[in-house]
Amino acid sequence: MTRLMTNLYDSSKCTACRGCFTACKDSNQLPAVFDKSYFGGPGNGTYDSKDGDTDANTYMMIRFNETEDPVDGVRWNFLKWQCMHCMEPACLAVCPKSAYTKLDWGATFHDEDKCIGCQYCTYACPFGIPKYRKHTDTVTKCTLCYERVAEGLTPACARSCAPGAVKFGYRDELLEEARIRVKFLRANGFPRATIYGETELGAGTNKLYILTDTPDKFGLPVNPQVEGNTVFWQDWVQPYAGWLIPLALGGSAVSFVTSRVVANKNEEHGKGGHA
Amino acid sequence: MQWIPEYREDVPRVERFNSLARFTHWTHTVTFLLCLFTGLALFLDGVDWLAAIFGGYRGAGLVHRIAAVILTVSILTAMAVGFKGVIAWIKDLLRFGKNDIGFLMVFPLEFLGFKVKIPPQTRFNGGEKMNSVVTPTMVFLLMISGWIIWWPSIWWPGLVRFSYWVHDLAMIFGTLMVCMHGYLGSFHPGSGESFWGMWKGTVREDWAKHHHAIWYEETYGDKAKTEEE
């Protein structure tokens, strides 16, 4: 198996300069999106450039999470927010057009040419990442810059990060680095520092995070899960219920033959009446 | 080989369904089947040929939505215009009793073409009563879940996820009933005459007497005639 390649984001180093955000837009040729927070409206009540979430023309963004703690006081937790490239992606499982594929080096790739905009993935994703774009009638999400990686380059976000908070490399090496960094942070004023993405959703995600606090302080689900409704739909309804239709058709076909064979013995029915 | 019983004008016939019921039934048939085949393009894997009939997946999606709108509007309109008929229908369904259970018990044999003795039936027999409950329920579930899926962003996300499997399951049970209903209402030698009830509006009097004795008695029998006078 090819060695997995991934992003490591270190929240303790991020200065929220949003260079990655801009580089992402640039590399993916995405237009600017003007929303409430841009125009000084209430937005989601933070200083996000976006209202706390990605959209169809913004594959990634920096989230601003303000937390207050009696001991630590007020802290501003920044979070790079985009597709997590799950090891076992729910989007891939629900997509009726097989537009999603898992690349052997770890990216969850979405083929927009195959997409028909049904948005099943949007609602299956534990992070709600794939977003619908009306004018193309497709959903979009972070590509992990697969086309750059294929050319031996690093993803645009990692390439542009000035403080070195976003890195790209082999997953095992980055995990090792993350463990050392978390140990350091825990000893130096961040006792709750943790790694996110190593084991989340069972198999983990192909985006790794070093968090200076618990995931909830960064607006991340502490225990992300694929919803029960989606699991029931995919694992029970879709594989096992459909046979009822061929059963009805088959039954009718059998009856069509037998009733004509048997009915021929019962003349009156054969004539179609009951006189 | 005979496909469906011959339509005979030379024998006495009685009305079974009025024009509104028939019009709604066939509008529903066409729109339901359009929705079904365009929907199957998504439900089944690897059926690009099915989508291609409707001009690809986006075309299928468009046909699905147009058919769904016509289906919803026609059903709701017909229910409002023919409200009395709907009530009469429901009243007949509520008459579910021993004779219906008797019908359902021997039905598998009748289905295969064996001659069986069936207790007298009301306007709708035990099987039709079942179809009258299951199919409309499934169609209403399909309509409600479908409209939620169409505009997912205005709903609570959990409801959208719930609607996905409800839509699939209702499609499966609805289609199961439609397959059986379509067959029994046409090619099945015993009940094939009922096709003319829905196509032309009338069935043979002797067929009505034999298959729906209670309904025939109450509607066209001696008792009904006396009441009319």
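In what follows, chains are A, B, ... by sequence order, proteins preceding strands, each numbered from 1. These values consider heavy atoms only, across backbone and side chains, with no hydrogens, waters or symmetry-generated copies.
Note on B/R16 versus B/E193: no salt bridge recorded, every NZ/NE/NH1/NH2 to OD/OE distance being 4.0 Å or above. Electrostatic pairing of A/D55 and A/K131 does not count as a salt bridge here, judged by no charged N lying under 4.0 Å from a carboxylate O. A salt bridge links B/E218 and B/R95; the closest N-O separation between the charged side-chain nitrogens and carboxylate oxygens is under 4.0 Å. In summary, B/E217 and B/K209 do not engage in a salt bridge, as defined by a charged side-chain N under 4.0 Å from a carboxylate O.
Using the six-membered ring where Trp is involved, B/W151 and B/W147 have ring planes that are parallel, under 30° apart on the 30 and 60° scheme.
Within residues 196-203 of chain B, no residue approaches chain A closer than 4.5 Å by heavy atoms.
Using a 4.5 Å cut-off between heavy atoms, A/Y120 touches chain B through backbone and side chain atoms alike. Neither the backbone nor the side chain of A/C95 comes within contact range of chain B; no heavy atoms are under 4.5 Å apart. Contacts of A/F232 with chain B are made by side-chain atoms alone, with heavy-atom separations under 4.5 Å and no backbone atom involved.
Per-residue counts of heavy-atom pairs under 4.5 Å with chain A were compared for B/F111, B/F162, B/W150, B/W165; the largest is that of B/W165. Options B/V166, B/V160, B/T175 differ in how many heavy-atom pairs under 4.5 Å they form with chain A, and the most are formed by B/V160. Contact count against chain B (heavy-atom pairs under 4.5 Å) is highest for A/D137 among A/D137, A/V254, A/V237, A/T122. Ranked by heavy-atom pairs under 4.5 Å with chain A, the list B/I149, B/D48, B/L42, B/V178 is led by B/L42. Options B/S153, B/G192, B/P152, B/C179 differ in how many heavy-atom pairs under 4.5 Å they form with chain A, and the most are formed by B/P152.
Here the straight-line distance linking atom NZ of A/K25 with atom SG of A/C157 works out to 14.5 Å at 0.5 Å rounding.
The cationic atom of A/K102 (NZ for Lys, CZ for Arg) does not lie both less than 6.0 Å from the six-membered ring centre of A/F109 and within 45° of the ring axis.
By the neighbour-count criterion of 12 heavy atoms within 6.0 Å, atom CE of B/M130 is sparsely surrounded, having that number or fewer from other residues, nucleotides or ligands.
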### Query
Given A/K217 and A/T67, is the side chain to side chain donor-acceptor pair (under 3.5 Å) satisfied, shown in steps?
CA-CA 7 Å; A/K217 297 282 166 39; A/T67 63; over 6 Å; no
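Of the possible donor and acceptor atoms, one in the side chain of A/N28 sits under 3.5 Å from a partner among the backbone N and O of A/C24.
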